[in-house]
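For reference, the structure is listed below as structure tokens.
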Amino acid sequence: MTSYTEAQKEAIVCLDEPLQIIACAGSGKTQVISQRIAAILARPGVEPRNLIAFTFTEKAAAELKERILSILEKDGLDTLGLAEMYVGTMHGYALDLLQRLVPETFKFSVLTEITSRMFVDRNSRKSGLTVCPTLSSGTPYLRRFLHSRLFLQATGVLREDTVNWDLVPAGVVASFEDYMKLLYAHAYFDFTEMINLAVQFLEGDIDEDESSGVVQQHIREDIRYVVVDEYQDVNPLQERLVRGLTQFGANLCVVGDDDQTIYQWRGSEVSNIVTFKDRYEGVRQVTLAENFRSSEGVVEVGRSVAERIPDANRLPKAMVRAGHQRWQRGDMIAREFADEYDEAAWICDRIEAMRGLAFQDAADTEARGLSWSDFAVLYRSVANDAGPLVEEMRRREIPYVVKGLNRLFDSPEIQAVVGVFRYMAGLMDASDLRDLWADAKLLPSTADWGGAMAVLDEGRDFDRGKRWGVYNIQRLYLEFMEALGLREETVPGQPVRRELVFYQLGKFSQAISDFEQIYFNTAPKQKYETFAAWLEHQAPGYYAESDADVGYAMPDAVTLTTVHQAKGMQWPAVFLPCLRANRFPAKRQGGLGLFHVIPETAVGDADRYKGTLEDETRLFYVAVTRAQKYLFVSFSPGGNQLYRRRSAFFDHCAAQQWFSTREGGVAAGTPRLEPRARHETPNVTLSFSELKYLFECPYQFKLRFLYGFNPPLHEALGYGKGLHDALAEVHKRAIAGDLVRQEAAEDLVIRHLHTPYAYPELKTTLHRAAVKAVKRYLKDHESDLERTVHSEKQIQVHVSPGITVDGRIDLVRRLDTDELAIVDFKSTARAQDEDVTRDQLHVYAVGYEELTGKRADLIEVLNLDEEGKTIREEVEDPLLVSVRARIKEAGDSLRDNHLPRLPTWSEHCGKCDLAELCRDVPPDAKRSRRAATGR
DNA sequence: CCATATTTTCTTTTT
DNA sequence: GAAAATATGG
């Protein structure tokens, strides 16, 4: 789309006043934003680092980045320094801002939804959970495990929303304070806190608080343009972040569609977008009403759905069709069925019948035949309603992918693994365990069951060592698999099953990591018992199976997903089945809710946390507008009486003249072609550490990042990071003209060293070692600190369309010889392979050149360990070229899902934590591996 | 038609 | 264990 409509042009060239782009579904929003950003970058005196663009997800960010880059390249514009333009989520930005400018936060790590809950449950008293009062007489206080999710929602709302604190019960306030205190004591951020803390510094008094001063100075000097996509989903705290970033006059552009606000139950505040014009001075509003995606029928129905939303909560607009898709009688059908099996069968019939119908993706492209991946089935709730269709598709062998099914723990394979830990906790005996594994078809033909049990029995001897870190769940899991001889190729069955089983086992490894992150230092016996209980009661609800996302290659398959997840996507044909009253629109939930903790009156606009009819209507609007041409809405009564009536949304559609209530012949007159899947290359963004694994051994990469296997947690974890962070502070201060002296070493280590998994003596040892290392570094480099050029420089290497490598250079410095050196710190005596290090630093050199236009002369490795050796080499041009080529190769093989093992046992394997899952470990290597891990 | 009793369920998900 | 939807009774 190189020619723009008048409205689009208006948006693209409006760069100096606050701009609100109201973008209807399918209006070419991303293209307009990208073009506008390119226009900003083309302005004289504007650097990429002057610009921030927020998206809702990382995936959307990758797409936006890619789009911007392709426009810049097409227009022949400079891409120098592009790595310093922030394109990403608000959470990512806030974290980045803090960890760049506020040394106290360098050591903080981020809790996920899952680890947050475990953290609160483990510390149920200290976190405030069990002392948090409720307004329900039946449950005077929140309870462990049962209410941790609710408690976390409340702590989130108290920070994200506008709260009248006088109306919040004192007990709740006290609980909230307990939680915050505990969070900081453990150096954790939850998702809200990253943004909250950033906002504190943005709003803070610069005379009172040093960090506020630093943060605000950076914003004042650097930030000139802020773009916020999906503005309708911004919550009040995020709005404050936006305010803070633009408080010194940066230009603000917000983009969104109030009709697509579907995350209000997470705090999204529609009024942000609806009243934007009143809250900012001199706002220019541009409405992109032209829908290029869908046929007239789809557009008109979408519009009619949106008009069901009360006008008071809407921006006036009328979506019109502007694309090339033509509506034909029979494209849109509204049908009722006697039961859900008939409905499922009909959907499959239609898909089979429509496969191969001619379809034109764009006005200027050739038609192709519809393929499996051109069909989507969208549900209000996949977990509740998708069952019958999944069954039918499996029966008919129609390829499909389901998203949003929480069924990982139902599978016999995972139940077998859970059995292992029931055995460990003494809840199951050995012969039952064996039966379980045999029934799950997980025993390789050569299985050494006795050996595997020996691993468990040794692990169950809890008097073996005094250090609790010895009783490592992850290591036990990996050793058990090794002893059993369970590897991808020894899993009984077909290759497809092997891959799926390994994916599940990898997910389980991920679950262990999550658990041990929180419970690592629990007494061994209790730790295993808690783990077994957690597996039984908590874990099943936490981990989704989504057998789809193995690999980067996109399968040609029908998509079954929720409307929420479908946001931003489109398909030629969309099915909206199970349109039942009380399901879609959904009836409200019972049980203890947010308002039993925080009174409704204390929160501004409390309604949005409840889920109103209006919200459901917006969701249905999103659902309808995903379709490009074919749209099928259907109803069948659900299993029980609550769901036996038709949804008002179904009736709404059936009443539209665009819909037929009975199908004719399948789109009579439309020619048939060979089915050909829409070709989409996924964007691949790799961090350097991921790239490193891909270089070293593609199969290790697969085990780690596609399957999710994690190596056992190490007790000394955090040591290297602490040293890095301490030196980062040193160099940042050096750039600001503050040369840190040796005496500061202790202080630096106290601030940055965080070793949560170390037992007390080890903590002391590590602390001493760190102080010594920092002191040594400061002594050795006293004279060259002032020649620091950059510290922690973010780089990005663009290899080919869709392949990007992100990384961070530890240090760039000028040597006595006036040469420019790119430096990487290492902190263990155990040397990384020199070839890998050389690759790494040459990637950085490439990135540095793309960032600054300057070529580095040298690469250096400074080892902070006394024994470690220093490397200093010239940057070699041929290597730069070949490294680029190798990244491209690696990216391509990733897309093709071609990730083979190394041909034979090699040096890399000796250092690979997951070698046991890959091949037989030679006896001599086994010995040295055991020595290295202290087993 | 209204008040009360009984039945039935307990989404959605980003960082 | 709470709330909404539906069934029941006047």
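Letters A, B, ... are given to chains in the order of the sequence lines, protein chains preceding strands, and every chain is numbered from 1.
Using a 4.0 Å cut-off, some side-chain N or O of A:Y643 falls inside it from OP1 or OP2 of B:dC10. The phosphate of B:dC10 (OP1 or OP2) has no side-chain N or O of A:N582 nearer than 4.0 angstrom. The side chain of A:R583 places an N or O atom within less than 4.0 Å of a non-bridging phosphate oxygen (OP1 or OP2) of B:dC10. Proximity of A:N384 to the phosphate of B:dC10: a side-chain N or O atom is located under 4.0 Å from OP1 or OP2. Of the side-chain N and O atoms in A:T562, one or more sit less than 4.0 angstrom from OP1 or OP2 of B:dT13. Distances shown here put every side-chain N or O of A:H147 at or beyond 4.0 Å from the OP1 or OP2 atom of C:dG1. Contact between the side-chain N/O atoms of A:S381 and the OP1/OP2 oxygens of B:dT12 is found at a separation under 4.0 Å.
Aromatic ring centroids of A:F108 and A:H754 lie 6.0 Å or more apart. Taking the six-membered ring where the residue is Trp, the centroids of A:H537 and A:F145 are separated by 6.0 Å or more.
A donor-acceptor contact closer than 3.5 angstrom links the side chains of A:T612 and A:D615. In the model, A:Q517 has no side-chain atom that pairs as donor or acceptor with a side-chain atom of A:D514 under 3.5 Å. Judged purely by distance below 3.5 Å, without hydrogens or angles, the side chains of A:Q232 and A:N272 never pair a donor atom with an acceptor atom. In this structure, a donor-acceptor pair under 3.5 Å is absent between the side chains of A:E792 and A:Q794. Side-chain atoms of A:D190 and A:Y179 form a donor-acceptor pair, as typed in the model, at a separation below 3.5 Å. For the 3.5 Å distance criterion, the side chains of A:D385 and A:Y643 fail to qualify, holding no donor opposite an acceptor. Remark: the A:E391 side chain and the A:Y341 side chain contain no N/O donor-acceptor pair separated by less than 3.5 Å. For A:S148 and A:R117, the side-chain atoms include at least one donor-acceptor pair closer than 3.5 Å.
To the nearest whole angstrom, the two C1' atoms, one in B:dT13 and one in C:dA2, are 23 Å apart.
In DNA chain B, runs of at least 3 consecutive Watson-Crick or G-U pairs, each pair with both distances below 3.5 Å, span B:1-10 with C:1-10.
To the nearest angstrom, P of B:dT13 lies 10 Å from CG of A:L619.
Each of B:dT15, B:dT14, B:dT11 was ranked by its minimum atom distance to the side chain of A:Q565; first place goes to B:dT14. For A:L592, the listed nucleotide lying nearest its side chain is C:dA2; candidates were B:dT13, B:dT15, C:dA2. If you check B:dT12, C:dT6, B:dT13 against the side chain of A:R149, the one that comes closest is B:dT13. The side chain of A:R644 sits closest to C:dT6 out of C:dT6, B:dC10, B:dT13. Nearest nucleotide to the side chain of A:T57, out of B:dT12, C:dA7, B:dT15: B:dT15. Closest to the side chain of A:H91, from the set B:dT15, B:dC10, B:dT13, is B:dT15.
Look at A:W265 and the base of B:dT11; the rings do not stack under the cut-offs of 5.5 Å between centres and 30° between planes.
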Identify all pairs in which a protein N or O lies below 3.5 Å from an N or O of nucleotides 3-8 of chain B, and state each distance.
{"residue": "B:dT7", "atom": "O3'", "partner": "A:Q641", "partner atom": "NE2", "Å": "3.4"}
{"residue": "B:dT8", "atom": "OP1", "partner": "A:Q641", "partner atom": "NE2", "Å": "2.9"}

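Scanning atom types as modelled, one donor and one acceptor separated by under 3.5 angstrom connect the side chain of A:R380 and the base of B:dT12.
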